[in-house]
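Take a look at the structure set out below.
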Protein chains: 2
Amino acid sequence: MVRKKRARPSSYSGSITIDDVADMAGVSTATVSRALSSPGLVARDTRERVLEAVRNTGYIPNVAARSLRAARSKLALVVFPTCITPFFSELLIGIENALSAEGYGLITGSLLERPERETQLVHLVAAKQVDGVILLNGQMIRSDTLRVDQLDVPIVAVGVPGKSDIPSVLIGEREGAAAVAWHLLELGHRTFGYVTGAPGYVDDERWGGFTEVLTEAGIAVSEIVRYPGDFTGASGIGAGLQFIESSKRPTAVFAISDMMAIGFMKTLREAGISVPADVSVVGFDGIEFTAFCEPELTTIRQPSEVMGFEAARLLIELVQEKTIPADERSKTLGTELVIRESTAPPSR
Amino acid sequence: MVRKKRARPSSYSGSITIDDVADMAGVSTATVSRALSSPGLVARDTRERVLEAVRNTGYIPNVAARSLRAARSKLALVVFPTCITPFFSELLIGIENALSAEGYGLITGSLLERPERETQLVHLVAAKQVDGVILLNGQMIRSDTLRVDQLDVPIVAVGVPGKSDIPSVLIGEREGAAAVAWHLLELGHRTFGYVTGAPGYVDDERWGGFTEVLTEAGIAVSEIVRYPGDFTGASGIGAGLQFIESSKRPTAVFAISDMMAIGFMKTLREAGISVPADVSVVGFDGIEFTAFCEPELTTIRQPSEVMGFEAARLLIELVQEKTIPADERSKTLGTELVIRESTAPPSR
DNA sequence: CTATAAAATGTAATCGATTACAAAAACACT
DNA sequence: AGTGTTTTTGTAATCGATTACATTTTATAG
């Protein structure tokens, strides 16, 4: 028989601890702890007695105590880029699904306009408050103060540079852009425009996939009209104005984000240029609003929720295993061409 | 002179603790702790010596240890509704700004389709893992398992029922809807339609504000055509179909969410009905897309980022003070009527 | 210059779980 | 029965900060 060193407090001490459970089940705290976290180490009937006591007391482990001793917080940090779009909301849903299924919580941090926020987030990591990090943008990696990728905390990136050796979840950027090119060629287009994103990996890849197919079809890259953009709707409007003012108007334009495509179409519409009769427009991302604009936008749909889910799964594996074969440390997901109203054969 | 009980570990023990800082500054750990969290309690030069040591060692407090002892985690839980819209992303930005400014972190949890997730979140609260909760939807309050509002953790709700005594950040729902009514009356409209939201507080209030003004202007409530909706774009399309099929067509329609207004307009456009020439349409929320649809939508803009910010401020005060005068426990913010292209005088 | 209050600092207990190590119990095999 | 394993359980140290209480130092007053 075991004698408890700590008598059960007669006054309601605020919350139920592992000692209370141990008392009720007539075992030591060590056994309670094991029954809960490594059931295999405890005899069947002892385990059941413990679980019974947990139920009766309504015991919930104190997370801070566990984190302190076990040096694991079961919390992941998700870092958002400066501008939060619907696309990221969907990613978040997938991430949360995967994490919560494994009992992990989720701390979010967006960088926004406040640079000092970045330091704060890095500190979260350095303080071991989180077990892993999911980067939804590549910026933080460049931080001067403390480089996240040098701290020994697992990191997973979503949709950012492939040349870095950070495990990543990517989509087939080139293939997606190539599918756009095929689609437009099939419709009979021979002159093309391209609304760029902010410079970087994503823009490079999409441009590469787009031009590769066009080149094979005999279209010179120099013939493609480039309109500068930065992924935002406002920059799509700017691209639209450039299109209107120019005398050299392609019959098909690929904007590498939906918001830009929508802004672009809006500008054209106001100028009396019809989509798709006069110009075909294609976007990229597959956000919900593409089904509500006029005309409905043909676009490349990214499996955003799946991407988030896979990223979180990858992170969990990294946290738990510490080592994963190099060839499984990144995943590439496919995209889908959604053909709607904004593309049609060119008018003659 | 103080003799440290714990010799400085010669091997790099993984991370720097408060003992290392105390050693370097030649003070006790208690003094280090005080210098950092209640600077007023230590002498000026001692404090500077400690801060210097903190800088030199790169010390970052272990959050788990602090939470355990201080019974505060400096973490807030933000609960999202089942469907995440751009509006909530903006709220989140405001929340994060306010929280991070005070050194608070942010755990997010969305309810989504998984009901068991609700229990998990309630456990987070029960386990004292978070110091406070921001509810972006009213659902969780109804949980059977454990009622969040019965746990003694501060809660702030954003835009949910006022009859509950939970501190809240609200907007002038009635005033906003009234402004819509005034605007449409001023334009000369006399027949009205209303696309409802899912039943509940928000819909009641907006309906109330809308009809009150119309009643005063001599319009019978029974004359207002109600189209059922649930805030989503899809339901706006449904409302549009009903409008088209009906013989009794009002000249102005108020949809109480932007997405519904956008879906509504889309359906009308496809049926050859012109907005605003044939029908004026007004939305509610002020999401970004309202500036990109065709025609640009007249709407009521909610100060979403400010709402998030204020909610977080309120929560921090509750966490720190525990008591706030009843009349300051809720805030109501104003809205703004944004007049754009979707409203015009009725054609005769 | 002493008495007393106030300010600054130190000592050590504490928060609540996990886990290394030790001890006990159960089992297997000659 | 005796000895060696294996399984199960308990004891107590431990994680790293905070803080009650004790002690020392400094300031203030008479």
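Side chains are part of it too, since the values below use all heavy atoms of this structure and drop only hydrogens, waters and symmetry mates.
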Walking DNA chain C from its 5' end, the first of A:Arg72 and A:Ala64 to be reached, judged by nearest nucleotide, is A:Ala64
At under 4.0 Å between heavy atoms, what does A:Ser33 touch on the DNA or RNA strands: base, sugar-phosphate, or nothing?
base
Just how far, in rounded Å, is C1' of D:dT14 from CG of B:Asn62?
13 Å
Atom pair distance, as rounded to whole Å: CD in A:Gln129 and C1' in D:dC15
16 Å
Can A:Arg55 and A:Glu52 be counted as an ion pair, charged N to O under 4.0 angstrom?
yes
Is any side-chain heavy atom of A:Lys331 less than 4.5 Å from a side-chain heavy atom of A:Leu314?
yes
To the nearest Å, give me how far apart CZ (B:Arg34) and P (D:dT19) are.
10 Å
In whole angstroms, the gap separating C1' of C:dT9 from CG of B:Leu41 amounts to 11 Å
Please state how far atom CZ in B:Arg47 lies from atom P in C:dA7, giving the value in whole angstrom units.
14 Å
Ignoring backbone atoms, establish whether B:Thr31 has a side-chain N or O less than 4.0 Å from OP1 or OP2 of C:dG10.
yes
Stepwise, does the salt bridge (charged side-chain N to carboxylate O under 4.0 Å, His left out) test hold for A:Glu102 with A:Arg313?
CA-CA 9 Å; A:Glu102 295 283 332; A:Arg313 289 293 323 162; 3.2 Å; yes
Do B:Thr57 and B:Asp20 meet the criterion of a side-chain donor-acceptor pair at a distance under 3.5 Å?
no
Report the C-alpha separation of A:Val27 and A:Val32 in whole Å, then their side-chain angles, then the decisive distance to 0.1 Å, and conclude whether the side-chain contact (heavy atoms from CB on, under 4.5 Å) test is met.
CA-CA 7 Å; A:Val27 297; A:Val32 174; 3.8 Å; yes
Sugar-phosphate, base or nothing in reach of B:Ala43, heavy atoms under 4.0 Å
sugar-phosphate
Using a heavy-atom cut-off of 4.0 Å across all strands, would you classify A:Thr46 as base, sugar-phosphate, or nothing?
sugar-phosphate
To the nearest angstrom, how far is B:Arg66 atom CZ from C:dG16 atom P?
18 Å
If you take atom types as modelled and just measure distance, does the side chain of B:Arg69 reach the base of C:dG16 with a donor-acceptor pair under 3.5 Å?
no
Once you round it to whole Å, what is the distance between C1' of D:dT18 and CG of B:Leu36?
12 Å
Return the nearest nucleotide to the side chain of A:Val42; candidates are D:dT9, C:dA17, D:dG10.
D:dT9
Contact under 4.0 Å: A:Tyr59 side-chain N or O vs C:dA17 OP1/OP2:
yes
B:Leu68 has its side chain closest, among C:dG10, C:dC15, C:dT18, to C:dC15
It should be established whether B:Thr17 places a side-chain nitrogen or oxygen under 4.0 Å from OP1 or OP2 of nucleotide D:dG16.
no
Nearest whole Å is fine: how far is C:dC15 P from A:Asp20 CG?
12 Å
Checking all strands, does A:Val63 fall into the base, sugar-phosphate, or nothing category for heavy-atom contacts under 4.0 angstrom?
nothing
